[in-house]
Amino acid sequence: MLDAKRIRANPEAIDKELSKRYISGVLDQFLLLDKERRTVLGRVEELKNFRNNASQEIGKKKKAGEDTNTLMEEVRQVGQEIKNLDDRIKVIESEIEIILLNIPNIPHESVPVGEDENYNVEIRYWGKPRSFDFEPQAHWDLGPNLDILDFERAAKLSGARFTVNKGLGARMERAIISFFLDIHSSEHGYQEILPPFMVNTECMLGTGQLPKFSEDMFKLEGREMYLVPTAEVPLTNLHREEILEAESLPLYYTAYTPCFRAEAGSHGRDTRGIIRLHQFNKVELVKIVEPQKSYEELEKLTADAEEVLQLLGLPYRVVLLSSGDMGFSAAKTYDIEVWMPAYNDYKEISSCSNCEDFQARRANIRYRPAPKARLQYVHTLNGSGVAIGRTLAAILENYQQEDGSVIIPEVLRPYMGGLELIKSS
RNA sequence: GGAGAGAUGGCCGAGUUGGUCGAAGGCGCUCGACUCGAAAUCGAGUAGGCGGCUAAUCCCCGCCUCGUGAGUUCGAAUCUCACUCUCUCCGCCA
């Protein structure tokens, strides 16, 4: 959410910033309502001031045994007018809130301006895609052939866009989760959290999934609860409506959760394999930091996510997203894309964003910079560290051998009982 | 699911015959005194939001907020209703 005062003070500048996200004219209605709100507010506050003084006067007069009927009648009438004006203000404020909740974050100055992914900027590459001296298989062939992924039975259970991991497929998924959590908690200083997988509406508003993107999520029947689309939601909302001590910052959290997404509007995309599912596993990283440090922290967070891919020996590249390709809440986003032989291309496996105070404002997460100083909104960051299913797919494809077996990356072997190879039985 | 208790400032905790209560007291924190320094002690200060004024996120003025939302009243932390959450006991369950 943007700061209403900032919009009021400089609407042209904000409008220009929003044009980088190809949005225009959303401020006009806000400015109109904002002006009316302040006018009505001024009047009603005057009346309330009168009422407060008069009520006190009545108290005194009654104590002194004087007649108060005239004054009471007068205040009663003022009370009716106050009520009318208060009702109007309430309506205006809810309209203003709807407008503000639907405006995306403003891109950071370092973000390339452009309408889609074609304007993204490649930042760096790590590792070399392997050259195969045989025709590599896609993971959606490798998995079933090795009997570690079962799409047909998953369809029987739940329909399209689900998978069943079996045997070493299940074991490796669990191994990757443990490995990532261990690295981030032991090496990178994140506190491990196991949050609820269902959250309320306030959380979804706080991180920006609602009100705009309700069709992307799974909502529980008859309840104001949602299945988490990412652990970013529970982790960032841990401190919703809180005032944090400056000394407690920065806060680093990591969590494994399944992620549930309706994938509305992505029919026909990535229909094969485990790239795009309604339910997938992910280890997430979230940081809550002081504003002046957030961009430094974004670089570190991205590096933390990159490191797990380096340890797995998976080639990747880092891409800076353009203004039009960024998510709703982000001010700046790096995507990490892992090399996938079946696509002969890099495929997103992590998205690391600085949301600045956009989410903090919605979720009301503040801190006191110094004793006696005014409260300020914190900055929040999040990034996948990284997506588990896509990591499994990348391992299968990058570590496959000509006979269809798959070498287990060395760092995962301790998590898999020392096993070195997955081969069909 | 049944019965009962409760929700107040960063924290703990008074206040429920409605009226100078945004709110005693304590802790914590900040500043000062004492001290070589520290502890202890003493003194002062210390909620948030909105609006006006303003160069200002300094002052100053006003309005709102005692779980949330309605209501009664000239006036509500205090009374009424609904809801949410927490705790205790019973039942059920992993």
Side-chain angles (χ1 to χ4, degrees), chain A residues 1-10 13 30-97 99-100 194 196-206 220 222-226 234 237-249 251 288 290-292 356-357 360-379:
Chain A
M1 189 155 62
L2 302 184
D3 183 1
K5 283 183 196 159
R6 204 174 138 204
I7 300 177
R8 187 188 303 147
N10 209 342
F30 166 82
L31 292 168
L32 218 66
L33 289 165
D34 182 60
K35 193 170 179 189
E36 187 188 350
R37 169 172 176 269
R38 281 180 295 151
T39 305
V40 179
L41 197 59
R43 279 181 58 202
V44 78
E45 285 186 356
E46 248 175 72
L47 295 177
K48 283 179 178 174
N49 184 228
F50 166 78
R51 181 175 68 182
N52 289 344
N53 293 331
S55 293
Q56 241 174 52
E57 192 67 22
I58 289 167
K60 279 182 195 162
K61 284 192 170 179
K62 278 200 165 174
K63 214 168 253 179
E66 294 175 41
D67 175 66
T68 57
N69 286 331
T70 326
L71 192 51
M72 275 165 66
E73 181 52 35
E74 198 179 339
V75 178
R76 199 193 322 256
Q77 281 168 15
V78 170
Q80 190 52 49
E81 195 177 346
I82 288 174
K83 201 177 168 193
N84 294 340
L85 295 176
D86 269 345
D87 287 347
R88 177 63 194 148
I89 289 172
K90 218 170 277 179
V91 170
I92 294 171
E93 287 185 341
S94 72
E95 286 173 3
I96 287 175
E97 199 190 10
I99 292 172
L100 291 181
L194 184 58
F197 301 162
M198 293 183 251
V199 296
N200 57 30
T201 304
E202 285 70 33
C203 290
M204 291 300 225
L205 285 167
L220 273 70
R223 286 171 177 268
E224 285 302 310
M225 296 276 278
Y226 296 81
N237 278 286
L238 280 175
H239 297 289
R240 183 158 50 82
E241 306 290 342
E242 284 187 23
I243 295 168
L244 302 169
E245 300 291 335
E247 307 82 66
S248 71
L249 302 178
L251 291 164
I288 296 177
E290 295 184 85
Q292 67 275 13
E356 298 190 2
D357 67 359
R361 208 173 275 285
R362 290 171 159 250
N364 200 24
I365 309 172
R366 296 172 295 174
Y367 82 110
R368 199 178 297 281
K372 284 199 166 181
R374 277 180 72 88
L375 296 182
Q376 270 189 34
Y377 290 106
V378 297
H379 280 194

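For clarity, every value in this text was computed on a predicted model and none was experimentally measured. Each chain gets a letter, A, B and so on, in the order the sequences are listed, and its residues count up from 1.
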Same-atom distance (P) from B/U80 to B/U86, integer angstrom | 24 Å
Pair partner, B/A94 [Watson-Crick or wobble, under 3.5 Å] | none
Which base sits across from B/A82 as a Watson-Crick or G-U pair, both distances under 3.5 Å?
-> B/U68
Taking atom CD of A/E66 as the centre, report whether more than 12 heavy atoms of other residues, nucleotides or ligands fall under 6.0 Å from it.
-> yes
With A/E202 as partner, the option from A/R362, A/R240, A/E224, A/E241 fulfilling side-chain contact (heavy atoms from CB on, under 4.5 Å) is A/R240
Sub-3.5 Å donor-acceptor pair from the side chain of A/N237 to the main-chain atoms of A/C203, do we have one?
-> yes
Any donor-acceptor pair under 3.5 Å linking the side chain of A/N53 with the backbone of A/Q56?
-> no
Partner of B/G28 by Watson-Crick or G-U wobble geometry, both contacts under 3.5 Å, or none?
-> B/U46
Re B/C34: Watson-Crick or G-U wobble partner, both distances kept under 3.5 Å, found to be none
In whole angstrom, give me the gap between the C1' atoms of B/C31 and B/C21.
-> 28 Å
Looking only at side-chain atoms of A/K90, point me to the closest of B/C74, B/G49, B/A70.
-> B/A70
Listing time: all N or O pairs from protein to nucleotides 76-86 of chain B that are below 3.5 Å?
none

When you measure from the side chain of A/R368, which nucleotide among B/C74, B/A47, B/G51 comes out closest?
-> B/A47
Gap in Å between the two C1' atoms, one belonging to B/U8 and one to B/U65, rounded = 12 Å
Base, sugar-phosphate, or nothing for A/K83, non-hydrogen atoms under 4.0 angstrom?
-> sugar-phosphate
If we take the P atom in both B/G22 and B/A47, what is their distance in whole Å?
-> 15 Å
Could you let me know what B/G19 is paired to, Watson-Crick or G-U wobble, both distances under 3.5 Å, or none if it's on its own?
-> B/C74
Nearest to the side chain of A/K62, which nucleotide is it out of B/G19, B/C64, B/G49?
-> B/G19
With sugar-phosphate meaning primed atoms plus P, OP1 and OP2, does A/L41 contact a base, only sugar-phosphate, or nothing at under 4.0 Å between heavy atoms?
-> sugar-phosphate
